[in-house]
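Read the structure below first, then the notes.
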Amino acid sequence: MGLAARFTVNKMRFDILTLFPEMFPGYLSQSILNKSINRGLVEIHVHNLRDWTTDRHQKMDDRPFGGGPGMILMVEPVVRCVREVQTMSDTPGQVILLTPQGQTWDQTKVEELAEAKTRYILLCGRYEGFDQRVIDILNPLEISIGDFVLNGGEVAAMVLVDSLVRMIPGVLGDEMSSWDDSFSRGNRLLEYPQYTRPREFEGREVPSTLLGGNHAAIERWRKQKSLENTRIRRSDLLPDDEKTDP
Ligand code: 6GU
C-alpha cells in the first residue's frame, strides 16, 4: 500500500463535547499533535455542550431527584448535542463517556480502539455526573483513566486523544514505531536506562557495554535491564514466561 493510501485510511477524527472548550487550545497546539493536524492525519473539533441547550439561561445541569449533593448534567441537551455532532461526518463514530465509573484505559484498549475505529466522540462529564438516561440511550463506551477522581472529563479526554493519535502511522516519524511488537499487546516492559554525553559525571560512568559498539551485546544488555526494571517495579506487567526469577 502506498503512503497516501495508508494515511487516508488511517485519518482520525475526534469531536470533544465539553462545558469548558477553552481548556483545549493550549493542549492542541503541542508539537506532535499540531503537526499531525497540519499534515491532515487528525481532525479535532471541540464543541460547547451549552450550545445545545434550548432555554434562555442555557441551563445544562439540575439537582438530582431524591436529593443529595451536587448537580447532574441533563439528558436533553447532551443527547441532542451527540446526535447532531454524529451527523457532522460520514460515520457516527464511537461515543466515549469519560467517567470514573468507566473501564480503566490502558495500552491494550488504546490499540484495540485505534484498530477498530477512526472517529471518536468524547463526552466530558462535570459535576456529579450525567443523568443515567444519557448512558441508557447513547450506549457509550465508558472510560476512566485511573482510580482517582478528577474535576471533570476534560483532562481524561486529552489523555485519550494523546494516546490514540500515537497509533496513526506517520505521526511519530519513521524512527519510532508504536506498533513494535515487544511494546504492545499487553507485553509492554518498562524502558531500559539511557545515557548520553559525558561518559563520566561526578564519578558516575556510562555502562561499558553501551560504549563498546557490539550491537548484539547492547541489545542483550537492554533487554536484561528492561526485564530487571519491570521485575522490581511492575512485576504485574511481566509476560508469564518471565514471571519466575532467572
Ligand atoms: Cl474520565 N473523569 C473524572 N471525572 N475522573 C476521573 C476520570 C474521568 N478518570 C479517572 N478519574
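First listed ligand is number 1; within each ligand, the first listed atom is number 1. Here the structure is a predicted model, which is why all the values come from computation and not from measurement.
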Query raised in the report: Can you name the residues that form a side chain to side chain donor-acceptor pair (under 3.5 Å) with Asn139, not counting sequence neighbours?
Result: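 Side chain to side chain donor-acceptor pair (under 3.5 Å) check on Asn139 returns nothing, list empty.
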Requested in this report: For Tyr27, enumerate each residue passing the side chain to side chain donor-acceptor pair (under 3.5 Å) test, keeping only those at least two apart in sequence or located in another chain.
Outcome: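 Side chain to side chain donor-acceptor pair (under 3.5 Å) check on Tyr27 returns Asp162.
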Requested in this report: Would you please classify the geometry between the Tyr120 ring and the Phe14 ring as parallel, tilted or perpendicular, with 30° and 60° separating the classes?
Outcome: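 If you compare the ring of Phe14 with that of Tyr120, the planes turn out parallel.
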Query - Lys/Arg-Asp/Glu bridge criterion (N-O < 4.0 Å) met for Lys109, Glu112 - result: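 No.
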Query raised in the report: Tell me, do Arg166 and Leu172 make a side-chain contact under 4.5 Å, heavy atoms counted?
Result: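 Side chain of Arg166 against side chain of Leu172, heavy atoms only: contact under 4.5 Å found.
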Give every pair formed by an N or O atom of ligand 1 and a protein N or O atom closer than 3.5 Å, one pair per line with both atom names and the distance to 0.1 Å, or write none.
from: ligand 1; atom 1: 4 (N); to: Leu150; atom 2: O; distance (Å): 3.2
from: ligand 1; atom 1: 5 (N); to: Leu150; atom 2: N; distance (Å): 3.0
from: ligand 1; atom 1: 9 (N); to: Ser144; atom 2: OG; distance (Å): 3.4
from: ligand 1; atom 1: 9 (N); to: Ile145; atom 2: N; distance (Å): 2.9
from: ligand 1; atom 1: 11 (N); to: Phe148; atom 2: O; distance (Å): 2.6

Mind listing the side-chain donor-acceptor pairs of residues 206-221 below 3.5 Å, one per line with the distance, residues two or more places apart or on another chain?
from: Asn214; atom 1: OD1; to: Ala216; atom 2: N; distance (Å): 3.2
from: Asn214; atom 1: OD1; to: Ala217; atom 2: N; distance (Å): 3.1

